[in-house]
Amino acid sequence: MLVRHKVSRKLYAMKVLKIKVIKEKNQVEHTKTERRVLEKLSHPFIVRMKYAFKDREKLYFVLDYCHGGELFFYLTNLRRFKEDAAKFYAANILLALKVLH
């Protein structure tokens, strides 16, 4: 969801995860790893996590807001990219995967 910092007025994306669902789907370690990786990464092709917190029922990951949405959205709506766009996104993904590796 799109959120705004109360003081700075800056926009962020917030990922909200239900703790109960994470446990039911045996995703506890996966979620912990996701948080650790996002905390450590700093790369122009990977969204950065700014804050992480939880309450009794949910986990919250506050991420940089990336205007324009996700690549998945474009793939779903366009069905295919033109060759130049496909090369551009493939190169970005490869560079991000290199950092993750």
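Sequential numbering from 1 along the given sequence is applied to the chain's residues.
With sequence neighbours excluded, the residues forming a side-chain hydrogen bond (donor to acceptor under 3.5 Å, both in side chains) with Asp55 are Tyr60, listed by chain and number.
For the pair Leu63 and Lys15, the tightest heavy-atom approach, listed with the atom from each and the gap, is CD1-CB, 4.5 Å. The heavy-atom pair separating Met49 from Arg35 by the smallest distance is CE-O, 3.5 Å. Closest non-hydrogen pair, Leu75 versus Phe81, comes out as CD2-CE1, 3.3 Å.
Residue Tyr89 holds its OH atom at 15.0 Å from CG of Leu94, rounded to the nearest 0.5 Å. Atom CD1 of Ile22 and atom CG of Leu59 lie 4.5 Å apart (nearest 0.5 Å). Taken to the nearest 0.5 Å, the CD atom of Gln27 stands 10.0 Å off from the OG1 atom of Thr33. Taken from CD in Glu39 to CD in Glu34, the straight-line distance is 11.0 Å, to the nearest 0.5 Å. Atom CG of residue Leu17 and atom CD of residue Glu57 lie 13.5 Å apart, to the nearest 0.5 angstrom.
By the rule that hydrophobic residues join a cluster once side-chain heavy atoms approach within less than 4.5 Å of another member, Leu97 and Leu41 end up as members of one cluster. In the hydrophobic cluster analysis, where Ile, Leu, Val, Met, Phe, Trp and Tyr join through side-chain heavy atoms closer than 4.5 angstrom, Leu11 is grouped apart from Val16. Residue Phe73 is grouped with residue Ile46 when hydrophobic side chains (ILVMFWY) are merged at heavy-atom distances under 4.5 angstrom, including chains of intermediate members. Residues Leu38 and Tyr51 do not share a hydrophobic cluster, defined by chaining ILVMFWY side chains whose heavy atoms lie under 4.5 Å apart. When the side chains of ILVMFWY residues are joined at heavy-atom separations under 4.5 Å, either directly or via intervening members, Met14 and Tyr65 end up in two distinct hydrophobic clusters.
Within a 6.0 Å radius of CZ in Phe53, other residues, nucleotides and ligands contribute more than 12 heavy atoms. Within 6.0 Å of CD on Glu24 lie more than 12 heavy atoms contributed by other residues, nucleotides or ligands.
Within the 4.5 Å cutoff, side-chain heavy atoms of Lys23 are placed close to those of Val28. Inter-residue side-chain proximity for Asp64 and Lys50 is flagged as met; some heavy-atom pair is nearer than 4.5 Å.
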**Item:** Evaluation steps, side-chain contact (heavy atoms from CB on, under 4.5 Å), between His43 and Leu95
**Value:** CA-CA 9 Å; His43 190 273; Leu95 290 170; 4.2 Å; yes
**Request:** Show your working on side-chain contact (heavy atoms from CB on, under 4.5 Å) between Phe61 and Val47 and close with a plain yes or no.
**Result:** CA-CA 11 Å; Phe61 293 170; Val47 175; over 6 Å; no
